[in-house]
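The chains referred to below are lettered A, B, ... by the order of the sequence lines, with proteins before strands, and numbering in each begins at 1.
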2 protein chains.
Amino acid sequence: MTTRRPTIRDVARRAGVSVTTVSHTFTGNGTVAPTTQQRVRAAAHDLGYRPDVIAQGLRRNRLGVIALVARQLDALRPDLLVDVDYFARFAGAAAVASLAEGLGLMLVSDPTGPRAAGAALASDGFIVTEPVTDDPLVAMLTSAGIPFVTVGEVPGVPIGPDSPPHVDIESGRLTTLALDHLWDAGARRIALVTGTDRNEWNLRSAAVYQRWARYRRITPAMVHVPEQLDDEGGRRAATTLLSSGPAPDGVYALTSNHALGVVAVLTEHGLRVPDDVLVVAGSDAESLRAARPTISSIDLQPDELARRAVEALAARLDDRPLPDHGDQRVGRLVVRQSSAPGAPQP
Amino acid sequence: MTTRRPTIRDVARRAGVSVTTVSHTFTGNGTVAPTTQQRVRAAAHDLGYRPDVIAQGLRRNRLGVIALVARQLDALRPDLLVDVDYFARFAGAAAVASLAEGLGLMLVSDPTGPRAAGAALASDGFIVTEPVTDDPLVAMLTSAGIPFVTVGEVPGVPIGPDSPPHVDIESGRLTTLALDHLWDAGARRIALVTGTDRNEWNLRSAAVYQRWARYRRITPAMVHVPEQLDDEGGRRAATTLLSSGPAPDGVYALTSNHALGVVAVLTEHGLRVPDDVLVVAGSDAESLRAARPTISSIDLQPDELARRAVEALAARLDDRPLPDHGDQRVGRLVVRQSSAPGAPQP
DNA sequence: GTGAAAGCGCTAACAA
DNA sequence: TTGTTAGCGCTTTCAC
C-alpha cells in the first residue's frame, strides 16, 4: 500500500488554487489572502503534504545542509577515534548550531578521498576541521567555488584578504598560556609533546614553544608522536624524554590521551605528578577529570568553535557579513592537580 | 567570476553526444561504446563536471543521505552532551559505515521537535537511537512511511512481524552479565542506578534487575536519576542509597558519569572501592579507564551497534533482506579495578 | 549504440 | 491577489 506522497499539485487541486499559491503560502513569498492560506493549509494537512526538500533544493540551488569534514573519520577505524571528547563536543555543538540556522549537518570524511560518498557534495558548504599543509580538500573546495570555513588556519597559507575564512583557534595564545602556567608553577625544564598531523595546532604550538623557550632561556625538548597512538603515544613520548636528557619537570602534551600516557610513564619511573613533574594537556576530556591526579588542560571549547564555524559558514551562504567576535577569546586553561603542586591531593 | 557550473548538457555538447549518453556513461546504465565513453569522460574532465547530486536525488527520489537522530542533541546544550563517548563512537562509526554504503550521514535532533530543520526530511531514512515509550518520532516515521531503524527496541511495542526493525542492544543479557559479575565477586547487597529516560536500556535493566533480585533472593534497591545530571546524578543516587538502608556492597550504575559520581560519594563516606563496595558502569568511557580506581563497565560497543544500524537501514532502502547477525553477540563486560577486589591496586 | 523527449516537485518571472 | 508557464539538472522510457 505504498501510495505516492502528495505533491504541491495535489494540494492545489484540493484547495482549488494554483500551485503558485500553494508555494507562496508555504514559502512566504508573494502575497496570499489569509482565507486562501487557510484553505491551502487545510488541504495540505488533509493530504499529509510536506514540501519536497530535494525539489526545493534543486530549484533554489541550495539544500539546507552543510557538511562537517572531520579528519578523525578518515582513519576508518571508529574504535580508534582520536580525541573523542573533542570530536563529540564539536560535532554535537555543530549539529545544534546548524539546527538553529535551519540547516542540517552532514558528517563526512574527506570528500577528496577514495571512498567519498557522492552525497557529500550535495551540501551547500563545508566546515573543515584541522586543515593541514597543502590540504587537498581546501584546494578542491577553492577551485570548485564551494563555500567553506576552516577551523584553525590552513598552515602555510599567509593570512590575507582572500585566504580561506577560518575560525581562530588561538593556538599561539593558548600555547603561551599553558607554558607560562607551567613556568609560574615552578617548572624550568619544560618539554612539549605534539602530534604529527600537519595542522595549525601542532605546527603553531611547536613554533611558539621554540620561541618561548628562547625567551625563557630554557633548552627546548620536543617529541612528536602520532595522534592515533593514544595513550601509547604518550608513553612513547615520555620514555623518549626520560631517556634523552635530564628528566623534565614540566610537560605540555597537546593531545589528552598523550597526556594520560605521559603521566602513566612518569609515575612508573617514580616521578610524582605534580610534585616532581607538572603536566598540562592541550585538549580537554572527561578522562582528564577522572584521572588521578586530575590533569590540567587547555580547554579549546569545541562547542564555541563549532558554533562560530557554523555561524560563519551560514553567513557566507547568505552573503551576510561574517560575525565579528572581537576580543571574545575562546579557549581557556583548566588548572587541575597535575599542575598545582601546592594543592591538597585527595 | 562566478561562472555557472557545467551541466550534463555542456558535457554532451562538448563531447558531441546526447545527454543520454553522458548520463549513461556516468551511471553505468544502458550501453555506451568504450570510445564514446572516453570522449565523454574527457569532456567532463575538461569542464570540471560533477553530476549534481540534488538533481539526481530529485529524479531518483533518493538523495543518498541517512539521518541519525541522536536524542542527546535535543537538550540543545552541547556542553551538557550526555555520554560523550557513546555518542562520539556511535556517530563516528555510523558516519564511517554510511560512507562504506555510499551514503552520507546527517546528524539531526528529533525532527518532530519544534526546531526541526527542514533538511532533515531530505534523508532517505532514519536511525533513531534510544527510542522511548510512545515515541512521537517513531509514530511520525511510521505513518509517513519513511524507512527507519531503531537502536534498541521501542519500549511498549510488542515484538512482532511488523514492529519497527531495530538493532538489538541486548539489554537483558548485559544486565544479567553485570549483576552476575558483581555477585560472583562477592557482592550481596547490589543496588541499581538507572537514568530516567524511558528507553529500553533503562526500562529493561530495571525489569531484569527486579527479576534477578528475586531469583537471588536479595532485596532490590533502585534509584533513578536524570542522565543529564552527570556525576552529580551519580552523587545524588549514592547519597540516597547510603541514607535509605544498609550500605550496598555492589552498585550497577547504567551511565558512566553516574558511576563516577557514585564512586566519589562512596569514597567520601569512607567506603573503599572495590574492597567495601564493587562498582560497575553500564556504559563504557575513557574516563572510566582514567579514574582511580579504574571502573569496570559494560561496553555496549557503539561502533558495532552503529554499523549494524546503518547496514540494516541501507538494506531496507535497497529492499535487500536484513543482515542476520546470528548469535554474534554485541556488548561485553570490561572488568577493571572497581569490581576486582583481589587485584593489585597501583 | 545513441538520441529525443517527458517529466521528478518545486520556484519565480510574468501575465492577468 | 492569483494563475500560467518555463525551467532547475538529471534519469529513463522508447524510438531509431
Side-chain angles (χ1 to χ4, degrees), chain A residues 2-41 43-44 47-65 118-119 121-124 144-146, chain B residues 2-41 43-44 47-65 118-119 121-124 144-146:
Chain A
T2 311
T3 162
R4 191 179 56 75
R5 77 181 254 205
T7 78
I8 199 173
R9 239 185 305 262
D10 299 319
V11 178
R13 197 171 311 124
R14 182 173 238 266
V17 298
S18 75
V19 291
T20 309
T21 304
V22 179
S23 174
H24 281 350
T25 67
F26 280 105
T27 59
N29 298 338
T31 29
V32 182
T35 51
T36 318
Q37 289 214 23
Q38 304 237 313
R39 252 186 315 139
V40 171
R41 286 190 197 287
L47 263 30
Y49 167 81
R50 312 284 263 129
D52 183 321
V53 188
I54 301 179
Q56 288 180 320
L58 176 61
R59 197 52 246 235
R60 302 209 252 242
N61 200 20
R62 200 157 170 331
L63 228 203
V65 174
L121 278 315
S123 328
D124 302 331
I146 300 174
Chain B
T2 312
T3 161
R4 191 178 56 75
R5 79 181 253 205
T7 78
I8 199 174
R9 233 178 318 252
D10 299 319
V11 178
R13 197 171 311 124
R14 184 174 235 265
V17 297
S18 75
V19 292
T20 311
T21 305
V22 178
S23 174
H24 281 350
T25 66
F26 280 106
T27 59
N29 297 339
T31 28
V32 181
T35 51
T36 317
Q37 289 215 23
Q38 302 238 314
R39 254 187 312 138
V40 171
R41 285 189 199 289
L47 262 33
Y49 168 79
R50 311 287 262 129
D52 183 320
V53 187
I54 302 178
Q56 287 181 320
L58 175 60
R59 197 54 244 240
R60 302 210 250 244
N61 200 21
R62 199 156 170 333
L63 228 204
V65 174
L121 278 316
S123 328
D124 301 332
I146 300 174

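As judged by a 4.0 angstrom heavy-atom cut-off over every strand, Thr31(A) is placed among the base-contacting residues. Within the 4.0 angstrom heavy-atom criterion, only backbone atoms of the sugar-phosphate kind lie near Tyr49(A); the bases stay farther away. Residue-level contact check: Asp52(B) touches the backbone only, with heavy atoms under 4.0 Å from sugar-phosphate atoms and none from bases. Counting any heavy atom pair closer than 4.0 Å across all strands shown, Thr21(A) reaches sugar-phosphate atoms only and no base atom.
If you take CZ of Arg50(A) and C1' of dC10(C), they are 16 Å apart, rounded to a whole angstrom. Between the CG atom of Asp10(A) and the C1' atom of dC10(C) there is a distance of 13 Å, given to the nearest Å. Spacing between atom CZ of Phe26(A) and atom C1' of dG9(C) amounts to 14 Å, rounded to whole angstrom units. As rounded to whole Å, 10 Å separates atom P of dT1(D) from atom CD of Gln37(A). The nearest whole Å value for the distance from the CZ atom in Arg13(B) to the P atom in dC10(D) is 12 Å. Atom CD1 of Ile54(A) is separated from atom P of dT11(D) by 14 Å (rounded to the nearest Å). Whole-Å rounding puts the Ile8(B) CD1 to dG3(C) P distance at 12 Å. Across the protein-nucleic acid pair, Leu47(B) atom CG and dG9(D) atom C1' stand 15 Å apart, rounded to whole Å.
Using a 4.5 Å cut-off on side-chain heavy atoms (C-beta onward), Leu47(A) and Arg5(A) make no contact. For the pair Ile54(A) and Ile54(B), the minimum side-chain heavy-atom distance is below 4.5 Å. Annotation: side chain of Val32(B) is not in contact with side chain of Val40(B) (no heavy-atom distance under 4.5 Å).
When Val17(B), Thr27(B), Thr36(B) are each tested for a side chain to side chain contact (heavy atoms under 4.5 Å, CB included) with Val22(B), only one passes: Val17(B).
Side-chain N/O atoms of Thr7(B) include none lying less than 4.0 angstrom from OP1 or OP2 on dG9(D). Checking the phosphate oxygens (OP1, OP2) of dG3(C), a side-chain nitrogen or oxygen of Ser18(B) falls inside 4.0 Å. Applying the 4.0 Å criterion to OP1 and OP2 of dT11(D), one finds that Asn29(B) has every side-chain N and O outside that range.
Taking 3.5 Å as the limit, the base of dG7(C) and the side chain of Arg59(B) contain a donor-acceptor pair of atoms between them. In the interface, the side chain of Ser23(A) is not paired with the base of dA12(C) through any donor and acceptor atom under 3.5 Å apart. No donor-acceptor contact under 3.5 Å links the side chain of Thr36(A) to the base of dT2(D).
Nearest approach of Ala15(B) to Arg39(B), heavy atoms of both residues: O-NH1, 2.7 Å.
Seen from the ring of Phe26(B), Arg50(B) does not count as a face-on cation partner, given the 6.0 Å and 45° thresholds.
Closest approach to the Pro51(B) side chain among dG9(C), dC10(D), dG3(D) is made by dC10(D) (side chain taken as heavy atoms from C-beta onward). When each of dC10(D), dA4(C), dG9(C) is scored by its nearest atom to the side-chain atoms of Leu58(A), the top-ranked nucleotide is dG9(C). For His24(A), taking side-chain heavy atoms from C-beta onward, the closest of the listed nucleotides dG9(C), dA12(C), dC10(D) is dA12(C). For Gln56(B), the listed nucleotide lying nearest its side chain is dC10(D); candidates were dC10(D), dG3(D), dC10(C). You'll find that the side chain of Val19(A) is closest to dT11(C), out of dT11(C), dC10(C), dT1(D). Closest to the side chain of Val17(A), from the set dT5(D), dG3(D), dC10(C), is dG3(D).
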